[in-house]
**Student:** 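The structure that follows is given in the form of structure tokens.
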Amino acid sequence: MKIKKSITVIFLAAAYCIKIFAVDFWSDLPNEQLARQITDEMTNSELLAQTFMFGWAGAEPPELLFQWVERGLGSVKVFGWNTDDTNLVAKSISALQKKSVSGRFKIPLFVATDQEGGWIRHVKGDTSITPGNMAIGAAGYPSDSWYTAYYISEEIKALGINMNFAPTVDLFTDHDSTIIGTRSFGEDPQKAGILGAAFAAGSSAAGVLPTVKHFPGHGDTSIDSHGRLPVIDIDFETFKNRELVPYYYLIKENVPAVMSGHLSFPQIDTTGAPASLSKYFLTDLLRDQLGFDGLIITDDMMMVGATVYAGSLSEAFKMALEAGNDIILSSTTAKLNEALWTKNLDTMSTDKEFHARVKDAAYRVIKAKLDYFKSGNAAPLYPEQNNFEKSIPSKEGQKFFLEQACRSVTIEKQGEDFPLTKEKAGRVLLIGFMNSFFSSAKKHYDGAGEFRYSAYEIGPNETQWILDNLGKVESGYDTVIICVSSENHVKVAEYFKNSPKKVIILNNMSPVLSEKLMWADTILLGYSWRCDYSLKAMISALAGDFVPQGIKPYN
């Protein structure tokens, strides 16, 4: 009898323990407690997998990525080469999420992308091409930043994307940089902080997690960390009063995630380590001194700026975790037996400190997921075609982006005949690439002639061909209106430097391009090379439909 009672007690105790400890992501417990309990139960493999974020090549995720998700992969990244067909993007995300939530702990994926606005737009299809950050900076309204992020986020959220690697708060310090350029709000760190915080708030309101980048600041270099490690040789006073200022604003507003950049500041961390692999930058400075408590996510670890310093990819992953990153991003899907996985998994078994750091990172990721997915405002795990077709492009956003573009238009140089009426213009020749430029201009200057580039980025051969052939078409015109968004476009414009014609420059990329064109009669700045809204706004401003109020966001 006593034996039977003992067995019953043991059985009930075991059942009680199963009830208490066999939790999953959707268990009804406080988020902090649930995240702690899940990570306590996880194997080393499950913990490490939560810290990885992989992208994939091609339109559809390969079987290898599904195998990683089955292993417990924490996050995936949607890149620009995956997204021409938004219907396929949504189907891919849905399939990956179904695989993820069928796992032991039923943990959904973070699904991220780069949808900054302007020329960084990884999700393509019918998503909005917006005026971008420098246009927002030229207008100067935080509400423009908020609504830009809101409408961008509405579109990608409908596809199941729940994290956006934006806003970019890098400063426009190096004016020759083509890496940041018009991705920046401008060179004023206070303004970048205010506009960046507004952007983050708009993204969160729409239900997408913003990720501010590239900590601690990519603005004072023209070097691309994809190819080599940029070195920014400034002292701490300059760094504190310039690069860090936007982050003061964003951390105060509780931005949920920060992306660490592959950027070396040798006067600040004398090891020369990129910030993405530097414990000083990420733990001592960002966490302890600035008080940031959200997720830290690396920039793509496939960039040479990270791997060359570390010596190998597996060591770079290890250093990134040790430095304080919680999510390690790779633009490619690793093979299941790659050293970045096997070596770091082995290290977890032998190095208690490394194990504790990986577990802390996994805890932060799971806690952030619980806060997000149980918020009531999360992106759908399984997006439905009817819903995202209604949301892309955003109908309200289309009207807003045109208005925002109009607020951004800046007069760099005002000619005597500005605004340019049809009577003042006479016969007009239009030179450019975008269809919207020609159609908008012809509404104001009907009968205008056309000279079209074959593509946005014309090479040296086409540039020379254009210069050789302009003489055959430009005679008989009184005014030339030229779209400029690259150095080769500047060369085309310079053909008219000593011409008696009126020359109007519509600079729809970096304002720096206008520096060689100050001989022109009128120059307008629009800041966004492929944005129909910006081109329409510049044409309308030129024709006198409104008075441009934008201010160039640097001196």
**Student:** With the side chain counted from C-beta on, respond yes when R121 and Q115 share a heavy-atom pair under 4.5 Å apart, and no when they do not.
**Tutor:** yes

**Student:** Donor-acceptor pair, K191 side chain versus F185 backbone, under 3.5 Å?
**Tutor:** no

**Student:** Minimum heavy-atom separation for S203 and S153, please, with both atom names.
**Tutor:** OG-OG, 3.3 Å

**Student:** Is there side-chain contact between Y309 and S264, with heavy atoms separated by less than 4.5 Å?
**Tutor:** no

**Student:** CE of M348 to NE2 of H355: how many Å apart, nearest 0.5 Å?
**Tutor:** 4.0 Å

**Student:** One thing to verify: whether R357 and D326 come together as a salt bridge, which I'm taking to mean a side-chain N less than 4.0 angstrom from a carboxylate O.
**Tutor:** yes

**Student:** Flag yes if more than 12 heavy atoms outside Y247 fall under 6.0 Å of its OH atom; otherwise flag no.
**Tutor:** yes

**Student:** Where do I232 and P266 come nearest, in terms of heavy atoms and distance?
**Tutor:** O-CD, 3.7 Å

**Student:** What donor-acceptor contacts under 3.5 angstrom involve side-chain atoms of residues 66-80, with partners at least two apart or in another chain?
**Tutor:**
{"unit_1": "W68", "atom_1": "NE1", "unit_2": "A334", "atom_2": "O", "d": "2.6"}
{"unit_1": "R71", "atom_1": "NH1", "unit_2": "L336", "atom_2": "O", "d": "3.2"}
{"unit_1": "K77", "atom_1": "NZ", "unit_2": "D114", "atom_2": "OD2", "d": "2.6"}

**Student:** Is the backbone of M509 close enough, under 3.5 Å, to the side chain of T182 for a donor and an acceptor to pair up by distance?
**Tutor:** no

**Student:** Donor-acceptor pair, distance only, cut-off 3.5 Å: does the side chain of K213 make one with the backbone of D299?
**Tutor:** no

**Student:** Mark yes or no for whether E116, through its side chain, and R183, through its backbone, hold a donor-acceptor pair below 3.5 Å.
**Tutor:** no

**Student:** Would you check if D220 and F239 make a side-chain contact, meaning some heavy-atom pair closer than 4.5 Å?
**Tutor:** no

**Student:** Nearest 0.5 Å, what's the CG-CG distance between L313 and L340?
**Tutor:** 5.0 Å

**Student:** Is it the case that over 12 heavy atoms from other parts of the model lie below 6.0 angstrom from the CD atom of E353?
**Tutor:** no

**Student:** Could you go step by step and tell me if N133 and T168 meet the side-chain hydrogen bond (donor to acceptor under 3.5 Å, both in side chains) rule?
**Tutor:** CA-CA 8 Å; N133 282 0; T168 298; 4.8 Å; no

**Student:** Would a distance-only check, ignoring hydrogens and angles, find a side-chain to backbone donor-acceptor pair under 3.5 Å from T39 to R36?
**Tutor:** yes

**Student:** In sequence, state the C-alpha distance, the side-chain angles, and the governing distance for I296 and R287, and then conclude on side chain to side chain contact (heavy atoms under 4.5 Å, CB included).
**Tutor:** CA-CA 10 Å; I296 305 177; R287 288 266 188 239; 3.6 Å; yes

**Student:** Kindly say whether H122 contributes a backbone atom to a donor-acceptor pair with the side chain of T83 at under 3.5 angstrom?
**Tutor:** yes

**Student:** Parallel, tilted or perpendicular for F172 and H175, by the 30°/60° rule?
**Tutor:** parallel

**Student:** Above 12 or not: heavy atoms from other molecules or residues under 6.0 Å from CG of N241?
**Tutor:** yes

**Student:** Heavy-atom distance under 4.5 Å between the side chains of M134 and P553, does that happen here?
**Tutor:** yes

**Student:** Between N162 and K369, do the side chains contain an N or O donor and an N or O acceptor separated by less than 3.5 Å?
**Tutor:** no

**Student:** Which atom pair, heavy atoms only, marks the closest approach of A200 to V255?
**Tutor:** CB-CG2, 4.3 Å

**Student:** If you round to the nearest 0.5 Å, how far is CD1 of I327 from CG of L321?
**Tutor:** 10.5 Å

**Student:** Run the salt-bridge test on R104 and D24 with the 4.0 Å N-O cut-off and return the result as yes or no.
**Tutor:** no

**Student:** Please check if any side-chain donor atom of Q190 sits under 3.5 Å from a side-chain acceptor atom of Y249, or the reverse.
**Tutor:** yes

**Student:** Between the side chains of K343 and D346, is the shortest nitrogen-to-carboxylate-oxygen separation below 4.0 Å, so that they form an ion pair?
**Tutor:** no

**Student:** For K374, I'd like to know if atom NZ has over 12 heavy atoms of other residues, nucleotides or ligands within 6.0 Å.
**Tutor:** yes

**Student:** May I ask you to check whether over 12 heavy atoms, not counting those of E384, lie within 6.0 Å of atom CD?
**Tutor:** no

**Student:** Run the salt-bridge test on D360 and R364 with the 4.0 Å N-O cut-off and return the result as yes or no.
**Tutor:** yes

**Student:** Is there side-chain contact between N87 and Q385, with at least one heavy-atom pair below 4.5 Å?
**Tutor:** yes

**Student:** Determine whether a donor-acceptor pair (N or O, by modelled atom type, separation under 3.5 Å) exists between the side chain of N377 and the backbone of A205.
**Tutor:** yes

**Student:** To the nearest 0.5 Å, tell me how far E46 CD sits from I38 CD1.
**Tutor:** 10.5 Å

**Student:** I want to check something: taking the side chain as every heavy atom from C-beta on, are S394 and Y150 in contact at a cut-off of under 4.5 Å?
**Tutor:** no

**Student:** Do the side chains of K91 and E60 get close enough for a salt bridge, i.e. N-O under 4.0 angstrom?
**Tutor:** no

**Student:** If only side-chain N and O atoms count, and only distance matters, is there a donor-acceptor pair under 3.5 Å linking Q289 with D284?
**Tutor:** no

**Student:** Salt bridge check: are K157 and E154 linked by an N-O gap of less than 4.0 Å?
**Tutor:** no

**Student:** Can you give each donor-acceptor pair under 3.5 Å made by side-chain atoms of residues 269-278, sequence neighbours left out, with the distance rounded to 0.1 Å?
**Tutor:**
{"unit_1": "D269", "atom_1": "OD1", "unit_2": "T271", "atom_2": "N", "d": "3.1"}
{"unit_1": "D269", "atom_1": "OD1", "unit_2": "T271", "atom_2": "OG1", "d": "2.7"}
{"unit_1": "D269", "atom_1": "OD2", "unit_2": "T271", "atom_2": "OG1", "d": "3.4"}
{"unit_1": "D269", "atom_1": "OD2", "unit_2": "S278", "atom_2": "OG", "d": "2.6"}
{"unit_1": "T271", "atom_1": "OG1", "unit_2": "A273", "atom_2": "N", "d": "3.2"}
{"unit_1": "S276", "atom_1": "OG", "unit_2": "H262", "atom_2": "ND1", "d": "2.7"}
{"unit_1": "S278", "atom_1": "OG", "unit_2": "Y280", "atom_2": "N", "d": "3.3"}
{"unit_1": "S278", "atom_1": "OG", "unit_2": "F281", "atom_2": "N", "d": "3.2"}

**Student:** Is T51 reaching over with its side chain to a backbone N or O of I328, donor-acceptor style, under 3.5 angstrom?
**Tutor:** no

**Student:** Within the 4.5 Å heavy-atom criterion, are T307 and M302 side-chain neighbours or not?
**Tutor:** no

**Student:** Find the distance between CG (D144) and CZ (F199) and round it off to the nearest 0.5 Å.
**Tutor:** 12.0 Å

**Student:** If you draw a 6.0 Å radius around NZ in K124, do more than 12 non-hydrogen atoms from other residues or ligands fall strictly inside?
**Tutor:** yes

**Student:** If you round to the nearest 0.5 Å, how far is CE of M42 from CD1 of I107?
**Tutor:** 3.5 Å

**Student:** Could you tell me whether K318 sits above the aromatic face of F354, with NZ or CZ closer than 6.0 angstrom to the six-membered ring centre and within 45 degrees of the axis?
**Tutor:** yes

**Student:** Counting heavy atoms not belonging to E32, are there more than 12 under 6.0 Å from its CD?
**Tutor:** no

**Student:** Using a 4.5 Å cut-off on heavy atoms from C-beta on, say whether the side chain of F25 contacts that of P108.
**Tutor:** yes

